[in-house]
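Contents: one structure, followed by commentary.
Values in this document were obtained by computation on a predicted structure and should not be read as measured data. Side chains included, hydrogens not; waters and symmetry mates left out as well; all remaining heavy atoms used.
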Amino acid sequence: MVRFVWLALPLLILAAIVAYVLGARPLDRIGAAAPPVEQVVVEGTRLRPGVIELGIRADGSQPIVIAQVQVDGAYRAFDIKPAGPVGRLDGARVTIPYPWIGGEAHHVVLVTSTGATFEHTVEVAQATPELDAGSLWQLAVIGLLLGVAPVATGMLAFPAMRGLSAGTFDFLLALTVGLLAYLFLDTLGEGLEAGSASLERLRGQTAVWVAAALTALGLFVAGRWRGAAPQGAALAGFIALGIGLHNLGEGLAVGGALSAGAGALATFLVVGFIIHNVTEGIGIAAPLVRATPPLSLFVLLAGLAGLPAVAGVWAGTQAPSPYWLALCFGVGAGAIFQVMVEVTALTVRKSGFVALGGLNYAGGVAAGLLVMYATALLV
């Protein structure tokens, strides 16, 4: 009983302090003369014929009122939902009737009741694709070409990978680690970039690291819940999952390019990603070269690695929030990191720690990094 009291006492004191600060609000009197702190970010833009819609999120020392809206230097009528002030960390949608011109840039300025201004530019105006049955299918085909097709193509090298010597097999595992290392760095970089565009108080960049750490921890637990490290088909499944989450990000990039009206850029991205992703199929198949897996397993792995690209293309065309993009990339980075560790652990179990310092392993990792970097230059 005494121990319980001593454990509960710090919590009670902490609760009392927090209650005093929130209830008495002594800091309000100190900062009463200071101007309110305001921040507004545009998280997404949707264009319909004659209408610009902005998804915004706000932060400040008091609720923010959007008082006026300028488009291309002229004040315009607008509607905001939900109506009224936008509270701390709350979101709203600003709808502006405006005859935007396809292919041109339009500059929007949000003016708050205090006179603060927040600017946003639509670089290339184009109607946001509506996700009806026809467009969903067209976008799905793009995602399949981007994700499933190249991964499955890379898996066709599996018969040639059978019967490899022990040294060549170690090199192949090291090559897989190199491929994954590049994907990890690339995914992490994309996440940090998206996080920097989110509302400052949401700590988007920190959220990337937290999401990555929690994902990696969860997958480590899931992979070893029976006490043994994943290998063979299980390890291939984890590799496919990590690559799939990375391909989700690639789909988001292509969808975003389509939404921005950059059709030529989207085509260039798809071609580059197709070439880039063929090597991923080889990495997924690497842990299976000592087994005789059924064809259905390869189909499942190709779907796990490639189908997230379809979801990414769909979501990317709808201009998702940069904060949620950052979380997605963080989850992807964590999954890839977990796979890197597990593939390295497989090499250690086979050949000992000394193999990690050998020329064979170092060459494989370097080759994987260089291959991924060289093919990424096509994107």
Say you draw a straight line from CG of Leu179 to OG1 of Thr176; how long is it, rounded to the nearest 0.5 Å?
-> 6.0 Å
Does Gln138 reach the side chain of Leu136, with side-chain heavy atoms less than 4.5 Å apart?
-> no
Residue pair Leu54 / Val108, side-chain heavy-atom distance below 4.5 Å | yes
Mark yes when over 12 heavy atoms from residues, nucleotides or ligands other than Gln205 sit less than 6.0 Å from its CD; otherwise mark no.
-> yes
Derivation and outcome, side-chain contact (heavy atoms from CB on, under 4.5 Å), residues Arg46 and Ile52 | CA-CA 6 Å; Arg46 293 176 59 85; Ile52 298 175; over 6 Å; no
Given Ile243, which of Leu180, Ile336, Val339, Leu301 fulfils the side-chain contact (heavy atoms from CB on, under 4.5 Å) condition?
-> Leu180
So how far is it from Leu288 CG to Leu297 CG, rounded to the nearest 0.5 Å?
-> 6.0 Å
To the nearest 0.5 Å, how far apart are CG in Leu214 and CG in Leu219?
-> 11.0 Å
Are Ile282 and Phe171 connected, step by step, through hydrophobic side chains (Ile, Leu, Val, Met, Phe, Trp, Tyr) whose heavy atoms are closer than 4.5 Å?
-> no
Ignoring hydrogens and angles, tell me if any N or O in the side chain of Ser198 forms a donor-acceptor pair with the backbone of Gly195 under 3.5 Å.
-> yes
Value for CG (Leu139) from OG1 (Thr317), rounded to nearest 0.5 Å, stands at 5.5 Å
More than 12 heavy atoms from other groups under 6.0 Å of CZ on Phe337 = no
Evaluate side-chain hydrogen bond (donor to acceptor under 3.5 Å, both in side chains) for Glu38 paired with Thr114, printing each intermediate quantity in order.
-> CA-CA 9 Å; Glu38 297 180 336; Thr114 65; 2.9 Å; yes
Please walk me through it: do His106 and Asp72 pass side-chain hydrogen bond (donor to acceptor under 3.5 Å, both in side chains)?
-> CA-CA 6 Å; His106 296 285; Asp72 295 335; 2.8 Å; yes
Is the number of heavy atoms from other residues, nucleotides or ligands within 6.0 Å of CG (Leu9) greater than 12?
-> yes
Would you indicate whether the side-chain heavy atoms of Asp59 and Arg57 approach each other to under 4.5 Å?
-> no
Between CD on residue Gln70 and CZ on residue Phe78, distance to nearest 0.5 Å = 12.0 Å
Sub-4.5 Å side-chain heavy-atom contact between Asn247 and Leu146 = no
